[in-house]
Structure formats: C-alpha cells, structure tokens
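Report on the following structure.
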Amino acid sequence: MMQQPSPNGVPQQMAAPPPTYDQQQQNQYLQYQQQLQQQQWMLANQQQQQQQQPPPQQQQPYQYQAQPQAQPQQMYYQQQQPPQAAAAAAQPQYSAAAAAQPGGADGVCTLWIGDLQVWMDEQYLMNCFAYTGEMTNAKVIRNKQSGQSEGYGFIDFVSHAAAERALQAYNGTGMPNAEQNYRLNWASPGAGEKRSDGTPDFTIFVGDLAPDVTDQVLQQTFSPHYPSVKGAKIVTDMMTGRAKGYGFVRFGDEGEQVRAMHEMNGKYCSTRPMRIGPANKKNTGKPAIP
DNA sequence: CTTGAGCGG
C-alpha cells in the first residue's frame with residue numbers, strides 16, 4: 001500500500017519531499033514556483049505600489065506552526081488549470097453584465113473564498129489563481145490564538161474584471177488536491193448573496209443529492225423553471241470536504257418556492273431523485289413564531 | 001451521514 005513518509009511519526013516540516021513523488025514532479029513543481037514568484041514580482045513592479053518582493057529563493061514570510069491534527073493532504077500541489085479558466089485567460093472578455101453583478105459597479109477587486117481546509121494556506125491559493133496572472137495577493141484568515149485557518153480567505157486581483165473572470169471561471173470547479181469545489185464570492189461591501197434587508201430569501205431544503213451535484217448543477221436544475229432562483233448551496237463537511245448529500249435553493253419569490261417544493265420533489269437532479277422540503281434554520285421566508 | 005461554521009486589516 002502507501003508508504004508512510006515518516007515512519008517514526010515525526011512530522012516532516014518543510015523537509016525533503018516524500019519518496020512517493022518522483023523527481024520529475026518535484027522539478028516541475030519547483031519550476032512552477034519560480035514562475036509564480038516571477039509573475040508576482042513583475043506584477044508588483046508594474047503597479048509600483050507594493051513593496052518590492054525579494055528575488056526568488058526567499059521563503060514565505062509566514063511561519064508554519066505545528067498542528068496537532070494529521071494533515072490529510074501533502075503540501076505539494078500540482079499545476080492544474082480549469083478548462084474554463086484557461087478559456088477566460090486566453091480570451092479575456094469583459095462582460096457587459098459586469099455592472100449588473102452584485103459586486104459590480106464599484107471597483108471591487110477582492111474575492112471572498114470559503115470552505116477552505118486547514119492546510120490550504122496562502123501558498124496554495126497562490127497556486128490556484130496564479131494561472132490567471134491577474135492575482136495580486138491571497139490571504140487566509142487565521143485565528144490569532146491558534147494560528148489555524150478560519151476556513152476562509154481573500155484573494156485580490158488587479159482589476160474588478162479580473163476578479164469577475166476568476167469568479168466565473170473557478171467558482172464551483174474542483175480545487176486542486178481536494179475533493180471539493182471552490183466557493184467564491186465577492187468580498188464584503190455590498191457582497192453577493194447574503195442576507196439583505198427587505199429582500200427575504202425563500203429557501204427550500206433539497207436532500208438525497210448525488211455526490212457529484214455541485215452548487216451550479218443544483219441551481220441550474222431549478223433556475224430554468226423558476227426565474228427567481230437566487231442561488232444554491234450544497235452542504236459539505238468542512239473537515240472531509242465531502243458533500244453531505246443535501247443542500248439548499250434560495251428563491252426570491254415565495255410563490256415559486258412553494259411551487260418548486262411541489263413540482264420538483266422527486267424530480268431527478270443528476271442521477272438521483274430529490275427530496276424537497278422547507279428549510280428550517282435560516283431563511284424559510286416564514287420567521288419562526290416564538 | 002438529510003436543515004448551511006458565510007467576510008479581514
């Protein structure tokens with residue numbers, strides 16, 4: 001089976017890579033790292049605003065901390081480019097709909113990213129989005145005391161358009177070295193789809209979902225029939241990254257929510273029939289009566 | 001595994 005890199009249980013810090021990786025991959029990885037750093041360096045130079053990054057060979061400014069939990073993944077990432085991301089990068093298209101987007105009008109260049117696992121650090125995010133060539137910074141929010149990731153972070157881009165491109169291309173696609181999809185959204189001001197006063201969400205619970213159903217798939221299952229669909233969310237286990245097999249769909253219109261509960265119940269999403277009910281905890285549109 | 005751990009400096 002799999003060989004353990006550290007037979008004596010000593011956590012390998014930033015030491016030699018495990019023998020399970022061959023030299024070729026290591027070299028590719030190192031080359032990739034240098035490319036990334038150079039890209040970053042050039043970007044920083046272009047803008048002439050960030051302090052100059054020291055040449056490659058420099059280690060990351062932040063320090064790793066010994067973590068009690070076993071890390072399910074290795075720290076070595078392989079280059080991976082989502083097909084849509086490739087397309088977006090190849091032909092940058094400035095959608096006219098940008099102004100209508102939630103994060104739209106103003107020049108928000110930052111994306112919020114959630115559902116991060118504890119081992120997904122800045123370096124990891126760099127790798128993920130460096131391919132766009134338009135990312136300027138990545139940050140993981142950590143607990144000040146424990147130093148552990150809070151499970152979300154922020155990614156800055158050179159422009160609002162660049163951020164939107166990344167959002168469209170990456171959101172919902174698979175993350176490298178993880179069994180989960182990107183969960184991206186516009187960062188704070190006037191943010192994407194959270195609670196908004198005066199515009200209540202009418203949410204349904206959708207259970208019995210196949211493991212391959214993503215936010216997008218679920219939303220697209222409903223949106224053609226119900227124009228008021230605002231979004232869909234598959235619930236995933238943060239620790240394992242596995243989908244829990246259920247999710248939620250939010251409607252802007254209560255009538256459509258009710259209709260969907262009747263009409264779509266038992267209908268197929270991907271490979272399995274959905275089980276639909278009203279959502280309880282958050283926004284059902286009907287506030288609980290004390 | 002059936003009711004969402006989602007906004008910093």
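Here is the naming used below: chain letters follow the sequence lines, and residue numbers restart at 1 for every chain.
Residue pairs meeting the salt bridge (charged side-chain N to carboxylate O under 4.0 Å, His left out) criterion with at least one partner in residues 259-275 of chain A, sequence neighbours excluded, are A:D208-A:R275, A:R259-A:E263. Applying the salt bridge (charged side-chain N to carboxylate O under 4.0 Å, His left out) test to every pair with at least one member in residues 167-176 of chain A, sequence neighbours left out, gives no pairs at all.
Residue A:N280 contributes atom CG, which lies 11 Å from atom C1' of B:dT2 at whole-angstrom precision. The interatomic distance linking A:R275 (CZ) with B:dT3 (C1') rounds to 13 Å, in whole Å. Taking atom CG of A:N265 as the reference point, atom P of B:dT2 lies 17 Å away to the nearest angstrom. Taking atom CZ of A:R272 as the reference point, atom P of B:dT2 lies 12 Å away to the nearest angstrom.
To the nearest 0.5 angstrom, A:I141 atom CD1 is 10.0 Å from A:L116 atom CG.
Put simply, the side chain of A:K244 and the base of B:dG4 share no donor and acceptor less than 3.5 Å apart.
Side-chain contact between A:W186 and A:E164 is present, with at least one heavy-atom pair separated by less than 4.5 Å.
Residue ring and base: A:F154 counts as stacked with B:dG8 (centre distance below 5.5 Å, interplanar angle below 30°). You can call A:F205 stacked on the base of B:dT3; the centres are under 5.5 Å apart and the planes sit within 30°.
Taking every side-chain heavy atom of A:D208 into account, B:dT2 is the closest of B:dG6, B:dT2, B:dC7. For A:K139, the side-chain atoms get nearest to B:dG9 when compared with the rest of B:dA5, B:dG9, B:dC1. Considering only the side chain of A:D115, B:dG6 comes nearest among B:dG6, B:dG4, B:dG9.
Among the atoms of the strands shown, base atoms are found under 4.0 Å from some heavy atom of A:F248.
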